[in-house]
Amino acid sequence: MVSAREILHEEIGFEGLTYGCSAHILNLLAKDLVKTDITKHVTNILKYFRNHHLPKAWYHAEGGSALVLPLEPLTKVCEDHRSEIDRDITNKILNIGLKRNVEDTIGNLKPVAEAIDIVQKNNCSLVECVFAWKKLETTLNEASNKNILLI
């Protein structure tokens, strides 16, 4: 964007407003809101259940569908099949602190995800984009004032 703006200015004297891709900037913001130690544990759990046939089957038998975060089906599978499930995975799933951190992180990311959904629409206007950013700013300021923001 900087290079394009410079070329336009040099070649035709363009002095207009340019801005970057809002969806890309929002994705970068989302990365800043996520603690890497939390994602490391969640990724480890998800890969385990994705790559091990029996644990994956037990999870689906408990009514689980897409693996997103440690929910009830994962807890039940770990309790019912304690001897067959990797002990490290079981400890992570049953770790209430990790579960709360994941829930808090998802709560922080929800308004960012909503803004991304808006700005990625094919027919998103500049006005809609500005409103999405302003709503996100308000939401994050309120969360910060309540000390519920993780960053």
Side-chain angles (χ1 to χ4, degrees), residues 1-5 16-82 84-151:
M1 291 301 297
V2 172
S3 295
R5 183 175 39 244
L17 172 69
T18 59
Y19 59 95
C21 174
S22 285
H24 179 70
I25 295 168
L26 286 165
N27 276 304
L28 293 173
L29 173 64
K31 284 185 178 182
D32 287 343
L33 292 175
V34 175
K35 293 184 177 181
T36 56
D37 59 329
I38 293 171
T39 57
K40 178 182 71 174
H41 295 301
V42 172
T43 300
N44 185 250
I45 292 167
L46 297 177
K47 283 183 178 179
Y48 179 84
F49 278 86
R50 183 192 69 206
N51 296 332
H52 291 82
H53 180 70
L54 282 176
K56 184 177 182 178
W58 295 326
Y59 174 73
H60 289 294
E62 288 299 327
S65 55
L67 285 166
V68 179
L69 74 154
L71 296 171
E72 282 301 314
L74 285 179
T75 305
K76 180 133 177 44
V77 167
C78 285
E79 289 173 355
D80 291 350
H81 302 280
R82 179 167 268 175
E84 293 106 348
I85 302 282
D86 182 282
R87 185 180 313 250
D88 184 47
I89 297 297
T90 299
N91 289 339
K92 287 177 183 178
I93 290 172
L94 299 177
N95 182 332
I96 195 71
L98 177 61
K99 183 176 189 256
R100 296 289 181 252
N101 283 333
V102 169
E103 290 169 344
D104 290 344
T105 300
I106 289 172
N108 287 339
L109 290 175
K110 187 173 185 200
V112 178
E114 291 171 355
I116 290 171
D117 288 343
I118 291 168
V119 302
Q120 282 186 333
K121 289 182 192 173
N122 286 338
N123 60 351
C124 180
S125 68
L126 183 57
V127 171
E128 290 172 310
C129 187
V130 170
F131 278 125
W133 275 103
K134 292 301 285 178
K135 180 180 176 186
L136 179 62
E137 177 187 31
T138 302
T139 302
L140 293 179
N141 281 336
E142 288 172 0
S144 180
N145 292 338
K146 294 178 185 175
N147 292 322
I148 58 174
L149 199 58
L150 294 175
I151 60 170

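A heavy-atom distance below 4.5 Å is not found between the side chains of Thr105 and Thr39. A 4.5 Å side-chain heavy-atom check between Phe49 and Ile89 finds at least one atom pair inside the cut-off. Annotation: side chain of Glu114 is in contact with side chain of Lys135 (closest heavy-atom distance under 4.5 Å). Side-chain contact between Asp80 and Trp58: absent, with no pair of heavy atoms (C-beta onward) separated by less than 4.5 Å. The shortest distance between side-chain heavy atoms of Arg87 and Thr90 does not fall below 4.5 Å. Ile25 places a side-chain heavy atom less than 4.5 Å from the side chain of Trp133.
Interatomic distance, CG of Asn95 versus CZ of Arg100, reported as 10.5 Å (0.5 Å rounding). With rounding to the nearest 0.5 angstrom, the CD1 atom of Ile118 is 7.5 Å from the SG atom of Cys124. The CZ atom of Arg50 lies 9.5 Å from the OG1 atom of Thr43; values are rounded to the nearest 0.5 Å. In this structure, the separation between CG on Leu46 and CG on Leu74 is 8.0 Å, given to the nearest 0.5 Å. Distance check, rounded to the nearest 0.5 Å: CG of Asn91 to NE2 of His41 gives 11.5 Å. Atom CG of Asn51 sits about 8.5 Å away from atom NZ of Lys56, to the nearest 0.5 Å.
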Stepwise side chain to side chain contact (heavy atoms under 4.5 Å, CB included) test for Asp104 and Ile38
CA-CA 11 Å; Asp104 290 344; Ile38 293 171; over 6 Å; no
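Of all heavy-atom pairs spanning Ala115 and Leu136, the tightest one is CB-CD2, 4.4 Å. What you find for Leu26 and Val112 is that their closest heavy atoms are O-CG1, 3.6 Å. Here the closest non-hydrogen pair linking Leu109 and Ala30 is CD2-O, 3.6 Å. Between Ile93 and Cys78, the shortest heavy-atom distance links the atoms CD1-SG, 3.4 Å.
Between the side chain of Glu142 and the main chain of Thr139, no donor-acceptor pair closer than 3.5 Å is present. Between the side chain of Asn44 and the backbone N or O of Lys40, no donor-acceptor pair lies under 3.5 Å. At distances below 3.5 Å, not a single donor-acceptor pair connects side-chain atoms of His81 with backbone N or O atoms of Val77.
The residues Asp88 and Lys92 are annotated as salt-bridged, a charged nitrogen and a carboxylate oxygen being separated by less than 4.0 angstrom. Electrostatic pairing of Lys76 and Glu79 does not count as a salt bridge here, judged by no charged N lying under 4.0 Å from a carboxylate O.
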